[in-house]
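Taking it in order: structure first as structure tokens, then the write-up.
Just so it is clear, the model here is predicted, and its values are computed rather than measured.
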Amino acid sequence: MSMEISGSYGQYKANYAERVQAEQGQIKEIQERKEEALDKNPIQDEYISSEKSATKPTGLYRLGQDENGNRKVFFDNPEKTEDADEKGQPKISSDTPEKSAEKCTANTDKVDREIEKLKEKKQQLEQQIRPAFGNEKKVRELEKKLARIESELSQKDNDTYRRQNAEIS
């Protein structure tokens, strides 16, 4: 199969060069517009010190370290009240003991025992399948039981199931 291409290729070079010049001209126009826009619109956000400002500052932020040595941003409230501590947090009255918080514990022993029983059943079925290798009917029944136990194990042997079925005291 052969193809003939007719036409002159000289015109494409000129068109490409013209296109590049036109694009460069457009880029220059866009840059000039941006510069004009910046000249017309003054900067809106500028720093005014608290001494020059007529209003008092609403608060001051500073960088510090917490009790673990990690960086933390602290807020210094200029309007500290008597009911607030140095961090601006409200103070807890001395009437309520601070350490009387209620503690909850979750016990997952029952769920863990249930999972262990399923694992033991699985192991027993696997051991029963090995000697029954010649009897196909018995092997199928044992494999069905094993599949049910494996699916039940996959549902129960995870943290979500343990949390849902834990005894909370």
List, one per line, each side-chain donor-acceptor pair under 3.5 Å for residues 106-114, sequence neighbours excluded.
residue: Asn107; atom: OD1; partner: Asp109; partner atom: N; Å: 3.1
residue: Thr108; atom: OG1; partner: Asp112; partner atom: OD2; Å: 3.4
residue: Asp112; atom: OD1; partner: Arg162; partner atom: NE; Å: 2.9
residue: Glu114; atom: OE2; partner: Lys156; partner atom: NZ; Å: 2.4

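In this view, Lys138 and Ala132, Asn135, Leu142 satisfy the side chain to side chain contact (heavy atoms under 4.5 Å, CB included) rule, not counting sequence neighbours. Partners of Glu136 by salt bridge (charged side-chain N to carboxylate O under 4.0 Å, His left out), not counting sequence neighbours, listed by chain and number: Arg140. Under the rule for a side chain to side chain donor-acceptor pair (under 3.5 Å), Thr160 has no partner lying at least two apart in sequence or in another chain. Residues passing the side chain to side chain donor-acceptor pair (under 3.5 Å) test with Ser151, sequence neighbours excluded: none. In this view, Glu143 and Ile129, Val139 satisfy the side chain to side chain contact (heavy atoms under 4.5 Å, CB included) rule, not counting sequence neighbours.
Separation of atoms NZ (Lys121) and CZ (Arg148) is listed at 11.0 Å; rounding is to 0.5 Å. Here the CD-CD distance, from Glu126 to Gln128, works out to 11.0 Å after rounding to the nearest 0.5 Å. Between the NZ atom in Lys144 and the CG atom in Leu125 there is a gap of 14.0 Å [rounded to 0.5 Å]. Atoms CG and CD, on Asp157 and Glu116 in that order, are 8.5 Å from each other to the nearest 0.5 Å. Expressed to the nearest 0.5 Å, how far CG of Leu118 lies from CG of Leu153 amounts to 5.0 Å. Note that CD of Gln65 and NZ of Lys72 are 12.0 Å apart. Values are rounded to the nearest 0.5 Å.
Considering Lys122, Glu120, Lys117, Lys119 as possible partners of Ile149, the one that fulfils the side chain to side chain contact (heavy atoms under 4.5 Å, CB included) test is Lys122.
Here salt bridge (charged side-chain N to carboxylate O under 4.0 Å, His left out) pairs that include residues 21-30, with residues two or more places apart or in two chains, are Glu29-Arg33.
No side-chain donor-acceptor contact under 3.5 Å links Asn70 to the backbone of Asp66.
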